[in-house]
Amino acid sequence: MEFSKEYQRVTERVSTVHTMLTGRTRVPQLVLHCSRRFIQTATSVPVNRSAKKSSTPATKTITEESDFAFRKNQISTLPYHEQDCNYYPTLKDATSKLMEGTKSDVRVEKVRVPEFKNRYEGRITPDNTTDFASDPLYIISGKVGSIRKAGKGSMFIDIWQDMQRVQLIVHHKVMGLERAQFIELHGGLRPGDQIMGIGRVGVTKVGELSVKLIQPITLAAPSLHPIPVKFNDSGKVNANRVIDYLANKRSVEVMVLRSSIIKLIREFLEQREFMAVETPIICSGNSGANATPFGTISQHVQMKDETGGDVPVKLNLRVAPELWLKRLIIAGFDKVYEIGKSFRNEGIDSTHNPEFTTCEFYQTFIGLDELMKMSEEMIVYILNGVLRDAHEGGKLHSFKDKSEEILKLIEANGGQFKRIEFLPELQAQTGVELRVEDLTEEGLAQFYSKVNKNVDPESLKHRTSSDIINSLTEEYLEPLCIGSQIPTFIYNVPEIVSPLAKSDKFGISQRFECFIDGREYMNAYEEENNPFKQAHKFTQQQMNKDMGDIESIIPDSSYVKAMEWGMPPTGGWGMGVDRLVMLLAGVNRIEGVISFGRLSDVVRQ
């Protein structure tokens, strides 16, 4: 038989029956339901969810994908106003439809799934349902997770909302429907549909909290694609994060953990009376940190060139909020913090993305030791927050093992992080003496030649002091942090690599970096508050940049001028939020903790 003609004949017959039963001429729900039944009749084979593609042109097996494709086609052919009326109603219209036939003196409450469960879970049982007979009717909504049919006139539907599930009991007799009407109105529902229902609190014989619906379900938005049973190919996941979240519970849980960590950071700082602020993301010049910025221009922000003409101002996305936050310190805000995005025009790998999230805070009259203590207290606060939620049956249960492991290591170390002082440990690891007097270009080059016999001394003439210090750190100190989950401070770092930090007369900055298992998580120091010395450090940074050091800080003369108003002794602290989420989630790649992945993934979506 010809498929399209047979389909038309069946739908015409269905329309006639529907009109006789209800007086309505449109049968959108029934058409959806009939898609599967019609195909089965025409091909004499069942719909096969797991059917594989065949090379035989005449195959008659219908897959779940083709079933949903049929559904999408039926809706797409309707005029827009009919699509909205039957499949994408306004919330007001959907609610009014549910309320049809409800007496005006009956209490009706709109409730979300978690609220409904909080009200009744643990209270209602199969033996005391009559105690709740006078409770209101509830309008409840959510996404269909599963549909279990119980005969021709009833079904159990699990819906999800706010990451919690509740069961709907749907029965034709309770709704006052004949079985044919019931099937007509509900047979077309599919997993993934967004639905609304109205009913009373109930419980099954086995004690499962449910909502017993008294009116037919209203479709709020249909799903036009089947949710994959498995969706774990990394290439597909990174290019389709919407499907990833629909199909993979773990991906959703990681985003919940991320949100919880940011919330805990805010709680910790605001309990200590820090003020949350927002600083410019688009700016000109430097904003702190050694990094390459993204450059741009604005056609509406202009300046005069040498000839007196108007030219667009060169702008860049901030590489860090540091200098803006310190301007606020100078302006009289004694405790400020910001959690937000920064941007660096640099490589993409498993732990780096050009767009990333950090937390930075600044406080007046706080020193390095106090910054260390605050760091320890914050991490312990976050770990305890995750464990508290897990023990209370919250959404972070699957992440408790990593938090417990790190917390136990900190407790075993006397409640503190491990500490490594830069110069003494470097000498211990290399066996070569390095005095503070040797922290010059010539002295560092000689030291590096001694500990690296294979290095050509001539090649060191083209390397900056900061580059040599960074290499020594990576080769001899950072490996001491690998293989252990206990956070480790590397502190008292040479000022050569700390152009914004306060330092002593020997050239040692009051700075630390915190590593966990070889990865850097925090960077903190006492801030340079001498405008003359800061100007000199900026000059040195420019010299390094001219020598090819692309990571040297861009000098910011306006920041130095702001310092002239009197910058109090200040402690500054920064942490990579993405990396902390990776650590506690047990995720090895940064795209796994960012809502839509790395930049290379974002451009594919």
Side-chain angles (χ1 to χ4, degrees), residues 254 257-258 260-262 264-265 289-291 319-320 322 339 341-344 346-360 371-372 374-376 378-383 386 399 401-410 413 416-422 425-426 429 466-467 469-493 497-498 511-525 551 572-594 597-600:
V254 170
L257 174 66
R258 181 187 180 94
S260 299
I261 288 173
I262 292 174
L264 289 165
I265 293 171
N290 306 338
V319 296
E322 179 172 348
I339 298 175
K341 295 287 189 180
S342 292
F343 308 85
R344 299 183 183 179
E346 298 173 350
I348 302 174
D349 59 30
S350 62
T351 61
H352 294 87
N353 187 50
E355 176 184 352
F356 57 98
T357 303
T358 63
C359 172
E360 293 196 16
L371 287 171
M372 287 182 172
M374 276 192 70
S375 301
E376 293 163 342
M378 176 185 285
I379 293 300
V380 169
Y381 184 86
I382 292 169
L383 297 175
V386 172
F399 304 109
D401 291 345
K402 177 62 70 173
S403 295
E404 284 180 345
E405 177 188 358
I406 298 172
L407 191 59
K408 287 178 180 178
L409 288 170
I410 295 172
N413 198 50
Q416 295 184 329
F417 294 176
K418 183 180 175 182
R419 284 164 166 74
I420 295 175
E421 189 172 3
F422 190 95
E425 192 62 39
L426 186 59
Q429 293 299 315
S466 60
D467 184 31
I469 287 289
N470 287 332
S471 294
L472 290 168
T473 304
E474 292 172 2
E475 292 173 27
Y476 295 101
L477 299 182
E478 291 182 15
L480 301 177
C481 308
I482 296 174
S484 174
Q485 297 295 314
I486 185 169
T488 302
F489 292 130
I490 298 178
Y491 68 103
N492 288 350
V493 181
V497 290
S498 310
R511 176 189 176 193
F512 73 74
E513 294 175 297
C514 182
F515 292 83
I516 304 176
D517 198 12
R519 288 179 178 173
E520 181 185 350
Y521 287 81
M522 303 177 201
N523 184 24
Y525 41 82
E551 291 194 351
W573 179 96
M575 179 176 69
V577 173
D578 304 314
R579 287 193 179 181
L580 182 61
V581 179
M582 289 174 64
L583 176 70
L584 300 187
V587 174
N588 293 322
R589 302 188 62 85
I590 194 169
E591 62 263 32
V593 301
I594 306 173
R598 300 172 300 174
L599 180 59
S600 53

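Note that these values count all heavy atoms, side chains included, but never hydrogens, waters or copies made by symmetry.
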Do Val593 and Val577 have side chains that get closer than 4.5 Å, going by heavy atoms?
no

Residue pair Thr357, Arg258: steps toward the side chain to side chain contact (heavy atoms under 4.5 Å, CB included) verdict:
CA-CA 11 Å; Thr357 303; Arg258 181 187 180 94; 3.1 Å; yes

Distance-only, no hydrogens or angles: does the Arg419 side chain make a donor-acceptor pair with backbone N or O of Tyr491 under 3.5 Å?
no

Contact summary for Ala320 and Ser342, nearest pair of heavy atoms
CA-OG, 3.5 Å

Any donor-acceptor pair under 3.5 Å from Asn413 side chain to Leu409 backbone
no

Apply the test side chain to side chain contact (heavy atoms under 4.5 Å, CB included) to residues Val581 and Ile262: give CA-CA distance (whole Å), side-chain angles for both, the deciding distance (0.1 Å), then the verdict.
CA-CA 9 Å; Val581 179; Ile262 292 174; over 6 Å; no

Looking only at heavy atoms, which two atoms of Met582 and Ser350 are closest? And how far apart?
CE-O, 3.9 Å

Has Asn353 got a side-chain atom pairing as donor or acceptor with Glu591's backbone, closer than 3.5 angstrom?
no

First locate atom CD of Gln485, then atom NZ of Lys408, and finally report the distance between them rounded to the nearest 0.5 Å.
14.0 Å

More than 12 heavy atoms from other groups under 6.0 Å of NZ on Lys341:
yes

Taking all non-hydrogen atoms of both residues into account, name the closest pair between Pro354 and Ile348 and its distance.
CD-CG1, 3.5 Å

Please determine if Arg511 and Glu513 form a salt bridge, counting it only when a charged side-chain N lies under 4.0 Å from a carboxylate O.
yes

Taking C-beta and beyond as the side chain, do Met575 and Ile265 meet within less than 4.5 Å on heavy atoms?
yes

So which of Gln429, Glu425, Glu478 actually passes side chain to side chain contact (heavy atoms under 4.5 Å, CB included) with Ile420?
Glu425

From NZ (Lys418) to CG (Leu480), nearest 0.5 Å:
6.0 Å

Is the backbone N or O of Ile482 less than 3.5 Å from a side-chain atom of Asp517, with the two atoms forming a donor-acceptor pair by type?
no

Looking only at non-hydrogen atoms, find the nearest pair between Thr473 and Phe422 and report the distance.
OG1-CE1, 3.2 Å

Apply side chain to side chain contact (heavy atoms under 4.5 Å, CB included) to Arg589 and Arg598, showing your working.
CA-CA 10 Å; Arg589 302 188 62 85; Arg598 300 172 300 174; 3.2 Å; yes

Treating Thr488 as the side-chain partner and Ile486 as the backbone partner, does any N or O pair qualify as donor plus acceptor under 3.5 Å?
yes

Interatomic spacing from CD1 in Ile382 to CG in Leu407 - rounded to 0.5 Å:
12.0 Å

For residues Leu371 and Ala524, report the shortest heavy-atom separation together with the two atoms involved.
CD1-CB, 4.3 Å

Write down the atom of Leu580, the atom of Tyr521, and the distance for their closest heavy-atom approach.
N-CE2, 3.8 Å

Determine, step by step, whether Ile590 and His352 satisfy the side chain to side chain contact (heavy atoms under 4.5 Å, CB included) criterion, reporting the C-alpha distance in whole Å, the side-chain angles of both residues, the deciding distance to 0.1 Å, and the verdict.
CA-CA 7 Å; Ile590 194 169; His352 294 87; 6.0 Å; no

Would you say Arg344 and Phe356 make side-chain contact, with heavy atoms under 4.5 Å?
yes

If you round to the nearest 0.5 Å, how far is CD1 of Ile379 from CZ of Phe417?
5.0 Å

About how many Å separate OG1 of Thr358 and CG of Asp578, when rounded to the nearest 0.5 Å?
9.0 Å

Rounded to the nearest 0.5 Å, how far does CG of Leu257 lie from CD1 of Ile261?
4.0 Å

